[in-house]
Amino acid sequence: MESFLVQLNTCSELIAEGYSSTGNIGWLNEFCATFLDFASDLKARLPEVAPSGANLEVETIFLCLTQVVTCITHLERTINMEAPQMTRNHFLDRLDWCLRRLLVSWTQLENSITTEKNLEDHSFVELMDLALDHLDEYMDKLSQNSNISLHILEDSFTEDTYQLASIVNHIVRHSLAFANVAIKSDKKALTALCETLLSECSSFHEQAGDPNSGHRKLEALSLERALYALESYLNEALLHLIFVSLVDLENTSVEKLKEAIQKDAEGAQGLISAFDTNMDRIQQIGVLAIAFSQDIKTKTIVRSCLASLESLDTCIVPALQLPESVSSLHHVEILQEHFNQELLIFRNVIHEIIDSCSLINNYLDMLGESIQVREKSHLMAIVQRGSVLVEHFRLPVNYSSLSEDGKRVHKDLILILRECQAVVNLDIPVDPKRIAKRLKILYSVLAKLRDLISKDKLEPNSSVTSQTQLPCNATRTFVRNSRSVSKRHRSFVKQSGNCSILQDTFIESPNNESDLISFQITEILKLD
């Protein structure tokens, strides 16, 4: 522990020097060398103090290491561009926080401090599993003890219902937090489902003392159905939000914000508000992506993106509002590039882990509801969301998973989507039947692509997967592959758990000719 403290203290002292004018490339190289020694030793000893690896503190350590590498990358550019001190301070503050959090997490691991995980610390998915586990145990007790006096078991059953009620309350909190940023129709539906779940939970709790075990089983089954209904709809609402948010990333980009603020600072408030709303949505998408994913690499990438975006969200708009000068232009340029890089990584990792069939099915639902709609703005929005599917299959890992027939249909998708975009964007009036015809063709092509992907997944000798899976349209979930330990068919992450975005994004430098040793740190971040 003492050697770690010495190395961390040296890193902290170097960060303190970075706040002064002496923070140059030589200083950054020295920090990188010191931190590399520390991180290498840390990774070598990590298996000893955390053999299982499945630990919140371990995940925090990897997040901090990743954030350090990210900040070093942009600090290098900040120094080379001679950007203002406020730009440097932004990254130094993040480095300082990471080192302090690393120390806390490592200390807890080394001292074997295993604090019991509170319900507040559980994700939505973990809470759902806990709730269903409690219901299973409750049903088993009813079955196994049907001939024993229920008065003897009453205390046990009462405790079970109290625990379950607490878990359900936390599930509802997660759901309502997501509902707050969901699209309007989904917000209303999620709120109603939460009310139903709470009502069923209340009924279940009230029946805890019912001497009739059959009545208790019925109440338990009703509560189970309410849990499934909420999770199923939340999956669909999450996919809806992905379509909306990824499109809005283009409509509320930093570039457009900059133009709007330069033209009319007061008039840009509406766009700034839309930007903030979309950032809240991205955070919720990321939180659920982490919850559904079981791969530590994927979790680390998404967490790092969210951490970067959260830190940038508070300063990107104020930076755009600074009086124009050479230093402010450099400040905005670095923050803007950092912001765009993190969004690109985030989009790519979401597309890599999301299930293609579920994404297509969700869009087909929206498209089917819109074919006979004549409101032009609505049709334009629906067709624009089709670009999310194009982006999804532009990612090599998704495109390469298509069969030859799938790739041929994918070409048809690109063509018909272009036709749909052209016809809904025409300035002259267009016969609604012409629009409906093209939308029907788009629907047909997408349905065919979905069926081909589903067929490939069900092929026994398919190269896409070696495990038998349900048809894609049988389970309308967000995730890519089902977890063997889960009661529900989730298909969010690849079974292999290897996220190719990790290696590609961590080692990418904005300056390929850099001789900094900082990027050697990425070698210790390849999580074994």
Side-chain angles (χ1 to χ4, degrees), residues 124 174-190 234-292 301-321 332 335-354 359 362-363 366 377-378 380-392 394 478:
F124 173 83
H174 279 269
S175 302
L176 292 178
F178 174 77
N180 284 334
V181 299
I183 61 177
K184 190 174 181 180
S185 58
D186 287 338
K187 179 177 182 177
K188 186 176 180 181
L190 284 169
L234 188 138
N235 270 277
E236 290 296 305
L238 180 54
L239 287 168
H240 289 158
L241 196 63
I242 286 174
F243 276 105
V244 172
S245 295
L246 294 189
V247 169
D248 283 350
L249 286 177
E250 303 297 331
N251 298 334
T252 60
S253 64
V254 176
E255 290 79 2
K256 291 185 178 180
L257 271 178
K258 186 193 298 184
E259 292 176 8
I261 290 172
Q262 288 174 347
K263 289 180 181 177
D264 181 9
E266 291 187 6
Q269 291 304 311
L271 191 59
I272 292 173
S273 177
F275 174 83
D276 290 338
T277 298
N278 206 37
M279 285 300 99
D280 291 339
R281 288 173 167 175
I282 291 298
Q283 288 289 330
Q284 278 296 320
I285 290 170
V287 166
L288 286 171
I290 293 167
F292 281 115
I301 297 169
V302 179
R303 280 198 179 100
S304 182
C305 286
L306 294 184
S308 294
L309 292 172
E310 186 176 8
S311 67
L312 288 165
D313 188 30
T314 60
C315 62
I316 195 80
V317 172
L320 296 174
Q321 295 171 330
V332 169
L335 295 185
Q336 182 178 335
E337 181 173 329
H338 182 21
F339 187 86
N340 289 337
Q341 283 182 1
E342 295 298 331
L343 277 182
L344 179 60
I345 296 170
F346 180 83
R347 293 171 77 129
N348 284 346
V349 74
I350 291 297
H351 277 302
E352 179 164 345
I353 61 182
I354 201 170
L359 194 65
N362 197 273
Y363 185 70
M366 291 187 286
S377 61
H378 177 80
M380 290 173 68
I382 293 297
V383 172
Q384 190 179 13
R385 290 173 194 173
S387 63
V388 174
L389 289 172
V390 175
E391 183 180 328
H392 179 76
R394 191 179 291 131
F478 184 39

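All values reported here derive from a predicted model rather than from experimental measurement.
You'll find the side chain of F178 stays beyond 4.5 Å of the side chain of V287, heavy atoms only. Between H351 and L246, the closest side-chain pair of non-hydrogen atoms falls below 4.5 Å. Looking at I242 and H392, their side chains never come closer than 4.5 Å, going by heavy atoms from C-beta outward. With contacts defined as side-chain heavy-atom distances shorter than 4.5 Å, the pair L239/I354 qualifies. Within the 4.5 Å cutoff, the side chain of I272 has heavy atoms near those of the I261 side chain.
Between S308 and S311, the shortest heavy-atom contact is O-OG, 2.7 Å. The two residues L241 and V181 come nearest to each other via the heavy atoms CD1-O, 3.4 Å. Heavy atoms only, all atoms of each residue included: S387 and V247 are closest at OG-CG2, 4.2 Å. Across all non-hydrogen atoms, the minimal contact from A182 to R281 is O-NH2, 4.0 Å. V383 approaches Y363 most closely through the heavy-atom pair CA-OH, 3.8 Å. For F124 against L288, the heavy-atom pair with the smallest separation is CB-CD2, 4.1 Å.
One distance of note links CG of L344 with SG of C305; it measures 9.0 Å at 0.5 Å rounding. The CD1 atom of I301 sits 8.0 Å away from atom CD1 of I345, with the distance rounded to the nearest 0.5 Å. Summarising the geometry, atom OG1 belonging to T277 is positioned 12.0 Å from atom CD1 belonging to I282; distances are rounded to the nearest 0.5 Å. With values rounded to the nearest 0.5 angstrom, T252 atom OG1 is found 6.0 Å from M279 atom CE. Here CG of L309 is found 5.0 Å from CG of L343. Values are rounded to the nearest 0.5 Å. For the atom pair CG (N278) and CG (D248), the distance works out to 5.0 Å, reported to the nearest 0.5 Å.
Scored by the salt bridge (Lys or Arg N to Asp or Glu O under 4.0 Å) test, D186 finds no partners at all (sequence neighbours excluded). Checked against salt bridge (Lys or Arg N to Asp or Glu O under 4.0 Å), E250 has the following partners two or more places apart in sequence or in another chain: R347. Residues satisfying the side-chain hydrogen bond (donor to acceptor under 3.5 Å, both in side chains) criterion with D276, sequence neighbours excluded, are absent altogether.
With no hydrogens or angles considered, a side-chain donor-acceptor pair links E255 and N340 at under 3.5 Å.
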(Q) One pair to check against side chain to side chain contact (heavy atoms under 4.5 Å, CB included): I285 and F346. What are the steps and the verdict? (A) CA-CA 10 Å; I285 290 170; F346 180 83; 3.9 Å; yes
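Other residues, nucleotides and ligands contribute only 12 or fewer heavy atoms inside 6.0 Å of the CD atom of E266. Crowding of E310 atom CD: a count of heavy atoms from other residues, nucleotides or ligands under 6.0 Å not exceeding 12.
With S273 contributing its side chain and Q269 its backbone, the two residues share no donor-acceptor pair below 3.5 Å. A donor-acceptor contact shorter than 3.5 Å is absent between the side chain of E236 and the backbone of N362.
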